[in-house]
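Below is one structure, written out as structure tokens; the observations come after it.
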Amino acid sequence: AIKQAIAVNQPDPEDPLDVLAKVGGLDIAGMCGLFLGGAAQQMPVVMDGFISQVAALTAMRLVPECADYILENNLQNSLKKTFSQDDIML
């Protein structure tokens, strides 16, 4: 389903908003907004689970500075274990 959505919608991989709009769901968009809003208010937001990791990665690609306000709930859900360092821009 994901490969088909990418083939049909052809999101620009360099534009996180385009990827979110074309192949992301409302759950990811909403959580992405939560991470961005937390950073805007200088309030940490806890990330838990794969979908929230995708939302956090999207938020960090949109506004890299928001990474300072995204916390992991434990090491098992580490962004570093799920995505490459290039993905999370560390």
Side-chain angles (χ1 to χ4, degrees):
I2 294 172
K3 288 182 181 180
Q4 183 179 7
I6 292 170
V8 169
N9 296 302
Q10 300 180 354
D12 177 0
E14 299 300 317
D15 182 356
L17 195 55
D18 189 55
V19 173
L20 183 60
K22 290 181 177 176
V23 296
L26 293 176
D27 52 348
I28 296 171
M31 282 191 268
C32 179
L34 180 73
F35 288 119
L36 293 171
Q41 295 297 312
Q42 299 181 340
M43 180 182 300
V45 178
V46 178
M47 170 185 60
D48 180 26
F50 181 74
I51 298 298
S52 67
Q53 288 179 333
V54 172
L57 177 61
T58 303
M60 288 187 290
R61 290 213 171 168
L62 286 167
V63 182
E65 298 81 10
C66 78
D68 295 338
Y69 297 95
I70 298 173
L71 306 176
E72 298 171 306
N73 73 337
N74 61 48
L75 294 177
Q76 291 178 348
N77 291 326
S78 174
L79 272 175
K80 294 174 190 171
K81 291 181 180 181
T82 305
F83 299 102
S84 74
Q85 285 188 328
D86 289 338
D87 287 333
I88 56 177
M89 300 177 289
L90 294 178

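Side chains are part of it too, since the values below use all heavy atoms of this structure and drop only hydrogens, waters and symmetry mates. Note that the numbering runs from 1 along the sequence shown for the chain.
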What distance do I70 atom CD1 and Q53 atom CD have between them, rounded to the nearest 0.5 Å? 11.0 Å
Between CG of L62 and CG of L20, what distance do you get to the nearest 0.5 Å? 7.5 Å
Smallest separation among heavy atoms of A59 and F35, with atom names: CB-CB, 3.9 Å
With sequence neighbours left out, what residues match D18 under side-chain hydrogen bond (donor to acceptor under 3.5 Å, both in side chains)? K22
Pairwise distance CD1(I28) to CD1(I51) - rounded to 0.5 angstrom: 5.0 Å
Same apolar cluster: V46 and M43, side chain cutoff 4.5 Å: no
Any side-chain heavy atom of Y69 sitting closer than 4.5 Å to one from Q41? no
CG/D15 to CZ/R61 distance, rounded to the nearest 0.5 angstrom? 11.0 Å
Just by modelled atom types, is the E14 backbone N or O under 3.5 Å from a matching donor or acceptor in the D12 side chain? yes
Is there a side-chain contact between I6 and V23 in this structure, where contact means two heavy atoms from C-beta onward sitting under 4.5 Å apart? yes
Answer whether the closest heavy-atom distance between the side chains of M47 and L71 falls below 4.5 Å. no
Can you tell me how far the CG atom of L17 sits from the SG atom of C32, to the nearest 0.5 Å? 8.5 Å
